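Right, one structure below, let's go through it.
Quick caveat: nothing in here was measured; it's all calculated off a predicted structure. A note on names: the letters A, B, ... follow the listed sequences, proteins ahead of strands, and every chain is numbered from 1.
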2 protein chains.
Amino acid sequence: MPKLNENYLNLKASYLFSEIAHRTAAYKEANPEKGAQIIRLGIGDVTLPLGKVVIDALHEGVDAMATSETFKGYGPEQGYEATRNAIADYYKRNGVEVDPGDIFVSDGAKSDTGNITDLFGHDNVVLVPDPVYPVYVDTNIMAGNQVTYMAGNAENGFLPMPDKSQHADVIYLCSPNNPTGACYNKEQLKEWVDYALANEAVILFDSAYEAFITDPELPRSIFAVEGAKKCAIEFCSLSKTAGFTGTRCGYTVVPKELVFTASNGEEMSLNAMWNRRQCTKFNGTSYIVQKGAEVVFSDEGIKECQENINYYKRNAKVIADTMTKLGIRFFGGINSPYIWFECPNGMESWECFDYLLQNIQVVGTPGAGFGENGKNYFRLTSFGNYEKTVEAMERFEKLFK
Amino acid sequence: MPKLNENYLNLKASYLFSEIAHRTAAYKEANPEKGAQIIRLGIGDVTLPLGKVVIDALHEGVDAMATSETFKGYGPEQGYEATRNAIADYYKRNGVEVDPGDIFVSDGAKSDTGNITDLFGHDNVVLVPDPVYPVYVDTNIMAGNQVTYMAGNAENGFLPMPDKSQHADVIYLCSPNNPTGACYNKEQLKEWVDYALANEAVILFDSAYEAFITDPELPRSIFAVEGAKKCAIEFCSLSKTAGFTGTRCGYTVVPKELVFTASNGEEMSLNAMWNRRQCTKFNGTSYIVQKGAEVVFSDEGIKECQENINYYKRNAKVIADTMTKLGIRFFGGINSPYIWFECPNGMESWECFDYLLQNIQVVGTPGAGFGENGKNYFRLTSFGNYEKTVEAMERFEKLFK
């Protein structure tokens, strides 16, 4: 009988979204009339269609598959050169130099942030913020690793900073953060980079929401910080940048500077290891999808994507303005699609969920679903329809004023 | 400093295809005139374009992304119901009942055959045939596992059978085989299933080339064998079935019957584990690609794909007939796109590579690249152009007659 990976027994079943669905359905059944008024601001997924430039490029990609002359079979596991160059160029416009050879195109950041544990051994000190996107924790549990939580809270603006008295080997950071919307500034990231260099640690930096940053002072990439190429891997995605959640494309930057010494004294390059991992367990991203991805980063593509992001950001502002008006403490909402607010009247997050559902038929996401430190917080997202968002906030204002 | 996965140090660098490219380029440079005559029959990738039915469906998938009403965000990690049902229906037409709930759609069989090691613990007896597709071995080395080779050779028709005196926990089988083209019959697979059941082992069955089977007596799925659902996972792909090597789609069947007992006595279901793995480290296959995949398995789609397969099979026959005429012992070539022949005149496979390149400007793949047991064999593939294949075989016949 095969020995299975028993680390899976240590995973907690995630009931967050199923519990939300369950409670919402029960409410609708008991209150059909009010149930029909439900507005969902819990969704972490884009809703606006892809723009014309990208759609045209995707059609071109499909057409290439229709004739012998242009047909594409297996592509490079690392992604097509044109796609990698387009990504490097996008970095450049944002003031960051990245070698196209360090960029790996994939089917999404979830795959890459999940699979990156393949490269690490055991017994590392792995720092993970709490609250956080559950994938970092679950993938480490699956690999048999322990994680050390760093508390995000109102005091540190949900931006935990390094504790210099503590050693770390691997550090997960997500900025702008999911679920809190909090965003590290350059000085804060510099402190993390300095700490990582001092510890010879690796920062796994998730920048999936970078396109929501409009403040030019805030870094959109960890590589905007000096020294980061010696200590950081960056994961990014077209999911939120370009509405690719269903189209699927992401990219990961593994600088060639990331070289560590094995126990036998041999040098090991994380770039070479990730390349080997991808060449062995991945066969490249669909050519069709890469054609679309390539134009996302063209002048026209960026403009088109920015229009959708502006739509979401307008929603975020409606929510943030309501919180400000009501004097409810919140995080995010400016350089992020997420608004993370403190549950009013000392409610816990699931209590707040029921209260909003029953009184104003607004569905959001209880913070407890993202970690212990989320238990008095609540996440609303800006990915919904503008008019619905306005209506939800009108109801919200009446309820709490 | 992070401890890295030092198992990567045990991987052998794969020089097979780079060495082929290097020797071919050197020959071309030294012999520009003859170099222009090179015919490549080494390629393991399809070359014919996708058919109209699939192209139309892919365009439809793209169009769905262009309007709010039809836009698709995150899809189910397991694949869309329509795609899973289409695959179950395809199995049914080939006489095999598979529960759509056991089917997981992915971006390709390489990802799935690679990532499956995530589910297993260490110290299993892992059987892998030699010669073989290198991914099985490399992914096990990456995971820190040892593999036990089963010799494929002329005596067993490159179809190793179970050694009942030996215990096994995990067994990799690939039929029709890459690189040998050899294909297990039902009785042989039954013997493997019985052996796996007796050992409580799991068979990891790679059926990526099943669409090349035309002999109705040969099983196209391990689930054609009674009892297989209690001991086997099957990996398949649209790469060779439908020319999706660059479009990217595969599927894996993990029967719910596969339940094993953990060391603490708890039951662990491989289906539940794979589901958790995919939900944590994968975000579903592109909706656009799944639209194309769905119609591959329609009546029209199957007909269209079959035309391409027939083209390749005609090439295979040209090669196989040449071998027969020359009295060269070979395997595959009938229910497979690969022809695996014994190097004439006692040559070793790299010697044969140079001999063919220099004398008839035909490039193939030396068997040594697939394992120790391939060192006197050579792989030719049927994925090339028909006229070129005929010409290559005319040259081959002149050389060896």
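Of all heavy-atom pairs between A/F282 and B/K110, the closest is O-NZ, 3.2 Å. When all heavy atoms of A/M273 and B/N5 are compared, the pair lying nearest together is CE-O, 3.6 Å. When all heavy atoms of A/P2 and B/V202 are compared, the closest pair comes out as CG-CG2, 3.7 Å. Residues B/T261 and A/M1 approach most closely at O-CE, 3.6 Å, considering heavy atoms. Here the closest non-hydrogen pair linking A/I55 and B/V62 is CD1-O, 3.4 Å. Looking at every heavy atom in both residues, A/G73 comes nearest to B/T245 through CA-OG1, 3.1 Å.
When each of B/V135, B/T280, B/L58, B/I288 is checked for heavy-atom pairs under 4.5 Å with chain A, B/T280 comes out on top. The most heavy-atom pairs under 4.5 Å with chain B, out of A/Q290, A/E266, A/E69, A/H167, come from A/E266. For the set A/Q278, A/R277, A/K52, the count of heavy-atom pairs under 4.5 angstrom toward chain B peaks at A/R277. Between chain A and the residues B/S286, B/G292, B/G114, the most heavy-atom pairs under 4.5 angstrom are made by B/S286. By number of non-hydrogen pairs under 4.5 angstrom with chain A, the leading residue of B/V289, B/T113, B/D123 is B/D123. When each of B/V54, B/D63, B/T70, B/N264 is checked for heavy-atom pairs under 4.5 Å with chain A, B/D63 comes out on top. For the set B/S239, B/A196, B/A66, the entry with the most heavy-atom pairs within less than 4.5 Å of chain A is B/A66.
Of the two parts of A/V46, the backbone and the side chain both hold a non-hydrogen atom closer than 4.5 Å to a non-hydrogen atom of chain B. Neither the backbone nor the side chain of A/E60 comes within contact range of chain B; no heavy atom of the residue lies under 4.5 Å from a heavy atom of that chain. When heavy atoms are compared at a cutoff of 4.5 Å, A/V170 approaches chain B solely by way of its side chain, counted from C-beta outward. Proximity to chain B is limited to the backbone of A/C279, based on heavy atoms less than 4.5 angstrom apart. In this structure, the portion of A/T67 lying under 4.5 Å from any heavy atom of chain B is its backbone and not its side chain. Only the backbone of B/T47 comes within contact range of chain A, judged by heavy atoms closer than 4.5 Å. Neither the backbone nor the side chain of A/D112 comes within contact range of chain B; no heavy atoms are under 4.5 Å apart. Interface residue A/E6: backbone and side-chain heavy atoms are both found under 4.5 Å from chain B. Proximity to chain B is limited to the backbone of A/H122, based on heavy atoms less than 4.5 angstrom apart.
Side-chain contact between B/D138 and A/K281 is absent, with no heavy atoms from C-beta onward closer than 4.5 Å. With contacts defined as side-chain heavy-atom distances shorter than 4.5 Å, the pair A/L270/B/L4 qualifies. No side-chain heavy atom of B/M142 sits less than 4.5 Å from a side-chain heavy atom of A/D118.
A/R248 contributes atom CZ, which lies 15.0 Å from atom CZ of B/R248 (distance to the nearest 0.5 angstrom). The NZ atom of B/K3 sits 5.0 Å away from atom CG of A/D169, with the distance rounded to the nearest 0.5 Å. Atom CG of B/D107 and atom OG1 of A/T285 lie 8.0 Å apart (nearest 0.5 Å). Taking CG of B/L119 as the reference point, atom CG of A/N7 lies at 12.0 Å (rounded to 0.5 Å). In this structure, CG on B/L9 lies 8.0 Å from OG on A/S263, to the nearest 0.5 angstrom. Taken to the nearest 0.5 Å, the CG atom of B/L48 stands 13.5 Å off from the CE atom of A/M65.
Formation of a donor-acceptor pair under 3.5 Å by the B/D45 side chain with backbone atoms of A/Y74 is found in this model.
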